[in-house]
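For reference, the structure is listed below as C-alpha cells.
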Protein chains: 2
Amino acid sequence: MLKKSTLQYIAEKAKVSRMTVSRVFSGEKNVSKKTSEKIKKIAKRVGYHPNLIARSLSKRKSNTIGIFVPKTRHLFLDVYITQLLSGISDVTQEHDFRLMLFPIDYKKSESDLYLSIARSHLVDGIILIKTKIKDDGLEELKSIKFPFVLVNHRNNKYNFIDSNNIKGTKLAIEHLYNLGHRKIAFVSGSLDETNAIDRLNSYKRTMKKLNLPIKKEWIINGEFSKEKAYEESKKLFNQKDLPTAIFCSDDYMAIGVIERIKESGLSVPRDISVVGFDNIEISSYVNPPLTTVHQPISMIGEKAANLLIDLINEKKSPPIHELLDTQLVIRKSTSRMK
Amino acid sequence: MLKKSTLQYIAEKAKVSRMTVSRVFSGEKNVSKKTSEKIKKIAKRVGYHPNLIARSLSKRKSNTIGIFVPKTRHLFLDVYITQLLSGISDVTQEHDFRLMLFPIDYKKSESDLYLSIARSHLVDGIILIKTKIKDDGLEELKSIKFPFVLVNHRNNKYNFIDSNNIKGTKLAIEHLYNLGHRKIAFVSGSLDETNAIDRLNSYKRTMKKLNLPIKKEWIINGEFSKEKAYEESKKLFNQKDLPTAIFCSDDYMAIGVIERIKESGLSVPRDISVVGFDNIEISSYVNPPLTTVHQPISMIGEKAANLLIDLINEKKSPPIHELLDTQLVIRKSTSRMK
DNA sequence: CTGAAAGCGCTTACAG
DNA sequence: CTGAAAGCGCTTACAG
C-alpha cells in the first residue's frame, strides 16, 4: 500500500490546501471544476481513498449501524436472519450506512455488550434481533438516548418492528373454523418470547370470540422445538376427546406434530388438520405440504433500518412501533371437516 | 449520554494524566493497583467506555474484519452464509476482532467496493464469500498487500478455504459404483464457479478411473437451480440408453431431478439412484430422503477467520490454501442395482 | 472558491 | 509507576 495516501499527500501533489482536497471527497460543491478534476486524477493515480476512521472521529458519526443477532443452531433463525439482513442492507446501502454484526450468545447475559458498543462510537444506532424479555440493558440504552430498534420482540416502552402475530394467529384459527373445525388444539412456543405469548393469547381470544371451547388439555408447550412438540403432542392423543385441528406456533413444531399423528395411525388432514407459522422453506416440501402463516421478513428488516436511520437523524422520537401484516398460505395439511 | 465521557474527563476527576487512564483501559500492566481501581470506579460511575474510533485512528488498526457476502435469493446460500458467519464470529470474538458486513450484488461489478473498503482503514482484512471467477479487483487487492481470504472460490494465486469438492464428488461416484451402478449421469452447476467446475472434473476423472463410460448425453447443466435441473433432465430420459444413477452438483437440483423421474413414471431409488451435494436441511425431508455430500461449513468459517487473522498479524504469508474434507451422508435415494 | 488554525479522543515514543 | 508532547487523518468553524 502506498504509504502516503493521505489528504496531506494529495494536497501537496496538487498544490492546494488539505481543505480543498477534503471538500472534493466529502462531495462538497464549492470547488472549482478544474481543481476538483486535478485532485481526482492524482487521487486515482496513487490509489487514494479517504480514511473513514479519521472522518468518523472528526464528524463524531460512524455512519454505521450495529446488528445484534442471536447465535443459535436453529435453522429457521438462520434463514430469518439472512432475510432480515438482506432487507436491512438494502436500506442502509441506500443511505450510505455500513453494517457491523455482533453475533451474541443469549445464554450468557451480554447486555453489557450493547452498552459498551453504544458508548464506543463504533455505531450510530443498533438493531436488536430476538432479544429475550428481561434485559435491563435496554432500559439503560434508552436512558442514554442511544437509538435502537427491536425486531422479533414486542415491548411498548421501546421502538420495535415485528410481524403482527396476533392477527396472523387469528387468520389461522378462523381458517380452521371456516373449514368446520370446532375442536382446535394449540401448541405454544417458548413463553419467554413475546411472539409465543402473542400467539397464545390470540388463540385464546379468537376461540372465545368464535364461542369455541378452550380446554387446558388442548394447550401444550412445544418450546419452538420439533422434538419437544413431537414429545408433548402425545398428551393430545391420550384423551378421549380428540381435537380435529391443531395450530402450531411454528412450522418445525407442526412437522413434529404431524409425525406423531402419522405414528398414531391417523392421517393429516383427513383425521386432523394442522397449521404452522413462519412459512419456512421446508414447509412446502413435507408431506403433506403445510398450511402456514407467512411473515414478511425482509420487509421487517427494511422497516427496522429505515426507522433506525430516522431515529439517528432525529426525524422521529421513540417509542415508535409497527406491526406488519402476515399472510395465510393454504396448502394440503388442512381440509374441511367431514 | 454524558457529554464529557472521555479520557480527559476521567483523568481530571481522578487527578492523573490521560496516559494513565489510557493505560487502564488498554489493559496495560504498569499502573498501580490503587490508581487503577480509582479510575475504574469513576469510569463506571459516569458510564465511560473508550472511543474505539479514536483508538483505531491512533493505532492505525481497526480490529475489524470485513465480510463480503453475495446478495441472492437462494436459500441454500442463506443457510450457508449464516453457518459460515457463525464459524467466523466464534474465532473473531476470541481474538477481539469485530465484524463488518458488506452484502454485495454480484450482478453489478462491485470490485471497486473491495478496494475502497480496503483503503478506507475501516477493516484490517476481508473475507470474500463466493466471488465470481474473473474479478480483477482481487489482483489489485493482492498488489497493495491487503490481507484477504476467499471462501467458496478456489484460485491458487490467492488465499482460500473451501470444501474439497473433488474428493467429495469422488466419494459420491464411488458410492454409486459400489452399489453396482455403471451408467452414471451428471448434472452440473453454473460453470462460472470453481465449485461447479471441480465437481464436473472430478466426475470425469473418477468415471475414467473406474473405467466407466462418459457420455456427452449424460452430462447436463442445471446451473445450480432446481427448475433448470428439472427442465434439462428431460433430455436424460429421451434417450434409449438410460442412466441408472444421477449425480447432481447440489441438493436443489437433485430435488428437481427426482421430481422429473417421478413424473416419468419411474421410481427413486428402485429405477434410478440420485445423489446430491451440500446436505441442506430439506434434503432429509424430501421423499425419498436424499443421499448427499456434507460440507463442514462452520469449520470453513473458522479456518478462514483464523487464516485472515494470521495474515493480518503477518504470521503467515500468502498464498495459503486449505481444502476441508466432506462426508457422504447415505439416505434413501440410492440403492443397489438389481 | 480557497485556506490557516484548532480539534475529534485516543496512542506512541520518550523521559524520568 | 507516571506524564508532557506530538501525532493519527480527517472536519469544523472561521475568515477572506
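Reminder, nothing fancy here: chain letters follow the sequence lines and each chain counts from 1.
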Using atom [atom1] of [X] as one end and atom [atom2] of [N] as the other, report the distance to the nearest whole Å.
| X | N | atom1 | atom2 | value |
| --- | --- | --- | --- | --- |
| B/I53 | D/dT11 | CD1 | P | 14 Å |
| B/Y9 | C/dG7 | OH | C1' | 20 Å |
| B/L7 | C/dG7 | CG | P | 17 Å |
| A/F25 | C/dT2 | CZ | P | 15 Å |
| A/N51 | D/dC8 | CG | P | 11 Å |
| B/L52 | C/dC10 | CG | P | 9 Å |

Listed by chain and number, what are the side chain to side chain donor-acceptor pair (under 3.5 Å) partners of [X], not counting sequence neighbours?
| X | result |
| --- | --- |
| A/Y158 | A/E139 |
| A/N159 | none |
| B/S56 | none |

Salt bridge (Lys or Arg N to Asp or Glu O under 4.0 Å): pairs with one or both residues in [range], sequence neighbours excluded:
| range | answer |
| --- | --- |
| residues 306-317 of chain B | B/D310-B/K316 |
| residues 83-97 of chain B | A/K71-B/D90 |
| residues 6-24 of chain A | A/R23-A/E28 |

Between the protein and nucleotides 3-6 of chain D, list the N/O to N/O atom pairs that are separated by less than 3.5 angstrom.
unit_1, atom_1, unit_2, atom_2, d
D/dG3, OP2, B/S17, N, 3.0
D/dG3, OP2, B/S17, OG, 3.2
D/dG3, OP2, B/T20, OG1, 2.6
D/dG3, N7, B/R23, NH1, 3.1
D/dG3, O6, B/R23, NH2, 2.4

How are the rings of A/F68 and A/F102 set relative to one another: parallel (under 30°), tilted (30 to 60°) or perpendicular (over 60°)?
-> parallel

Quick one: the dot-bracket string of DNA chain C, using Watson-Crick and G-U wobble pairs with both distances under 3.5 Å, [ ] for crossing pairs and | for bases paired to another strand.
-> |||.||||||||.|||

CD1-OG1 distance between B/I88 and B/T82, expressed to the nearest 0.5 angstrom |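 Spacing of CD1 (B/I88) from OG1 (B/T82) equals 11.0 Å.
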
Taking atom CG of A/L85 and atom CD1 of A/I129, what is their separation to the nearest 0.5 Å?
-> 6.0 Å

With B/F97 via ring pair (Phe, Tyr, Trp, His ring centres under 6.0 Å) - residues at least two apart | none

Under 3.5 Å, side-chain donor or acceptor atoms of residues 35-44 of chain A against the rest of the protein: list the pairs with distances, not counting sequence neighbours.
unit_1, atom_1, unit_2, atom_2, d
A/T35, OG1, A/S32, OG, 2.5
A/K38, NZ, A/A14, O, 3.1

With a 4.0 Å heavy-atom cut-off, tell me which residues in residues 30-44 of chain A come close to DNA chain D, sorted by residue number.
-> none

Would you say D/dC10 has OP1 or OP2 under 4.0 Å from some side-chain N or O of A/Y48?
->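 Yes, such a contact exists.
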
Are more than 12 heavy atoms from other residues, nucleotides or ligands located less than 6.0 Å from atom CE of A/M19?
->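 Enclosed.
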
For DNA chain C, what residues of residues 55-65 of chain A have any heavy atom nearer than 4.0 Å?
->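 Going residue by residue through residues 55-65 of chain A, the ones with a heavy atom under 4.0 Å of DNA chain C turn out to be A/L57, A/S58, A/R60.
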
Dump the intermediate steps for ring pair (Phe, Tyr, Trp, His ring centres under 6.0 Å) on B/Y48 and B/F25, then the final yes or no.
-> CA-CA 10 Å; B/Y48 171 76; B/F25 288 99; 5.0 Å; yes

